[in-house]
Amino acid sequence: MAARIHGGAGAGAATALSTFNPKKLVAPSRTNLPAARSSKRCIVAGGGSDASKSLSVRHSQKLIASAAVATKAETSATTGTGHELLLFEALQEGLEEEMDRDPHVCVMGEDVGHYGGSYKVTKGLADKFGDLRVLDTPICENAFTGMGIGAAMTGLRPVIEGMNMGFLLLAFNQISNNCGMLHYTSGGQFTIPVVIRGPGGVGRQLGAEHSQRLESYFQSIPGIQMVACSTPYNAKGLMKAAIRSENPVILFEHVLLYNLKEKIPDEEYICNLEEAEMVRPGEHITILTYSRMRYHVMQAAKTLVNKGYDPEVIDIRSLKPFDLYTIGNSVKKTHRVLIVEECMRTGGIGASLTAAINENFHDYLDAPVMCLSSQDVPTPYAGTLEEWTVVQPAQIVTAVEQLCQ
Amino acid sequence: NKRGGRVKLQPMVMPQSEFDHAEKEGALYGKVMVHESVEFLLVQKPVSVAFGRFAVKIKGGDMALSRLTSRSNGISRPLSTAFGRFISTDTTPITIETSLPFTAHLCDPPSRSVESSTQELLDFFRTMALMRRMEIAADSLYKAKLIRGFCHLYDGQEAVAIGMEAVITKKDAIITAYRDHCIFLGRGGSLYEVFAELMGRQDGCSKGKGGSMHFYKKDSSFYGGHGIVGAQVPLGCGIAFAQKYVKEEAVTFAMYGDGAANQGQLFEALNISALWDLPSILVCENNHYGMGTAEWRAAKSPSYYKRGDYVPGLKVDGMDAFAVKQACKFAKEHALKNGPIILEMDTYRYHGHSMSDPGSTYRTRDEISGVRQERDPIERIKKLVLSHDLATEKELKDMEKEIRKEVDDAIAKAKDCSMPEPSELFTNVYVKGFGTKSFGADRKEVKAALP
């Protein structure tokens, strides 16, 4: 099976090989795909190929780091020029480094302290930094988000964790009015350097209320930035950049991506918050995606390559504001755009992106912008139904074929 | 009542104050103390008790107790008339008794004797008169359509702002809701900034982009200025958390109204504050009406100071600047040691909820004028000043004239100020721009890169 060669900044880590059956809508395996690094960052060493063994097709709950993950790569550095770790560990590393670097950074959320975080992102931090910097809050999103914002007004840099992004709907008032708008309504007097993060997206049969995609609700709040991470590399980079940013940043993680394994550099690095990531350069069609859909797209890309298409895959990463520069250059090259996202059809990120591309790059388009998004339904519990609400690789392949006629 | 409702508007007569004077008869003192304590046992809300029925015959005095406290009737004068006239820098201490004792919940109430000085009394009078004048001027500006949108006026409640300012430093933070003009002034804001912001000019404190409900002053730790009812309380507890985090020995006063007291996020924030021992003081400015809804119709338990349950609380007469001062001092000491405390300021607003509310559809004009006659905070200070012989009527009137002129000048200057530049539409959205573009409605005409 062809391993994609990613041009640019050097070979990535191990390529995962997995069986792909386009006919059956099986829950796709979480493939560990090397990401072409964004141009500014350091070179990643190539290396070990044992990562593929440690991946497994997951059908069980993601909330527990199962023993199926063979090696916890934190302590093992295979070639010494990078270390392998899981996405949640990458987030933890980023958080820990920033907390070491700046004493104003604190974490608040439910069960982030002694419990270690419901997805283990904050594991070990409470022991290291103490109770005043890693704060276990009671279950009151509205209040503790408000408190984080109030603390940020005075100069602290809280990282507010929502146990699930859907719970942050309870704090929507604080995020919209006080977080997004305070810098403006105070005439620039107060900056709110908060990071609001949490896992969202459709998981494994978690039910409607725990599978929400809040990107679409937050996207029109003026004054905030939204980023979505998809690999351990960009998770750590975006986390660090978000903490260092003076603007309020909402960092969207995905429940199913926490156990992705990748090798990341030992050196310190951050990712640009407003930049999109070129996952796979190509010629025929631009596929814009983010978060978990990136892996569906890459899976579809394999099929497409076999069929002779050359898709250019861009992980947009920055959901607000869009990196229209990278996207624009890509559109000018390929003249066709397909957006694959997990948001709802109505009013989602894809809808805004479609509008933005149509307005700005209309002359460069040879075909209408197509947007594949989730169905406008509450996510059902039944496994088969849940698969059908979300975009599957087979649909992506069909869409590309349709666009490229 | 006259509208057929259940609200029984009792005449709110100012209860008797105890002043230090040599001519007080021992029997009178005893009688007053007994009566007061009995009244407290019988009545839930001591403020609105009709003390008028309580008759004390004093030579030359008549029934209404406001007369009792009016020193200018010559009932008695302090013997120490050695104070000169109008020495505004005199810091000779004067002890003043608050009008009512404090009612406490889970703590020991502070004493009723408040230390003050000549300078402070005159300062109080001057600043409160300034605040009052500013609010009345804002009223006329609103009617002249120079101020648009929402304008929530604070007249009647000035004592809360003044009393609080008297005991805190610029490091202590205050955060309040939308009735923030006077608190901004108290924190060091200038009249010009206030009026410029109200009229949407670029020299306003928020560059004209905030408006009446968004006054902020970072250098004096005034955190605004928030439109959504109740949302400022978690923010205030967050500020208290930050103060504890950097070990600043400062406290935060998170102010809200009786309407906001029913918001859930208040109790959430209070729970966290009590858990983490944060130096936050929640101040409920109870003006008895949440927009048009009277207190008894909105809250099952109108004792807001008790609502903290496990958090101590204190009920204060919010129309008495010295009671507020004493309570805030007590609260600050308490919060720095023991964590959160709730203060309920029993106060009243003469205007309606905002300028679009006439204020008379849910309460009688008699009630408003009754409070104005008997409990007005500025009148109280004025009587104190006159009775302690610190200034004459004429001097006070001159002061008021001067204040009026100051306000008028500020308004004239603010009217001259220009509107914000169009490019200001796009500034301060993000802290540092990244060349993103912002568009107008049709995406062609107005296009700007966010700076």
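Labels below follow one simple rule: chain letters A, B, ... track the order of the sequence lines, proteins then strands, and each chain is numbered from 1. Worth knowing before you read on, the calculation uses all heavy atoms, side chains too, and leaves out hydrogens, waters and symmetry mates. Fair warning: this is a prediction, and the values are worked out from it, not measured in the lab.
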Chain A contacts, top residue of Glu424(B), His226(B), Gln265(B) (heavy-atom pairs, under 4.5 Å):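 Highest number of heavy-atom pairs under 4.5 Å: Gln265(B).
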Heaviest contributor of heavy-atom pairs below 4.5 Å to chain A, chosen from Tyr245(B), Phe215(B), Trp276(B), Phe267(B), is Tyr245(B)
Q: Drop me the distance from Tyr216(B)'s OH to Phe190(A)'s CZ, to the nearest 0.5 angstrom.
A: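 If I round to the nearest 0.5 Å, the distance is 7.5 Å.
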**Item:** Point-to-point distance, once rounded to the nearest 0.5 Å, from CZ of Phe167(A) to OG1 of Thr145(A)
**Value:**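 One finds 12.5 Å between CZ of Phe167(A) and OG1 of Thr145(A).
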ask   = Under 6.0 Å between ring centres, would you say that holds for His181(B) and Tyr154(B)?
value = no
For [X], is it the side chain, the backbone, both or neither that has a heavy atom under 4.5 Å from a heavy atom of chain A?
X: Leu275(B); result: side chain
X: Leu278(B); result: side chain
X: Ile228(B); result: side chain

With a 4.5 angstrom heavy-atom cut-off, is it the side chain or the backbone of [X] that approaches chain B, or both, or neither?
X: Asn173(A); answer: side chain
X: Leu182(A); answer: side chain
X: Leu156(A); answer: side chain
X: Pro248(A); answer: neither
X: Gln189(A); answer: both

Heavy atoms only: give me the nearest Glu110(A)-Cys140(A) pair and the separation to one decimal.
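Glu110(A) and Cys140(A) have their closest heavy atoms at OE2-N, 4.1 Å.
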The side-chain contact (heavy atoms from CB on, under 4.5 Å) partner of Phe252(A) among Val227(A), Leu214(A), Leu238(A) is Leu214(A)
Q) Taking the six-membered ring of Phe222(B), is NZ or CZ of Lys217(B) closer than 6.0 Å to its centre and within 45° of its axis? A) no
Chain B shares the most heavy-atom pairs under 4.5 Å, among Met108(A), Met153(A), Glu246(A), with Met153(A)
Q.
Closer than 4.0 angstrom, basic N to acidic O: yes or no for Lys128(A) and Asp100(A)?
A. yes
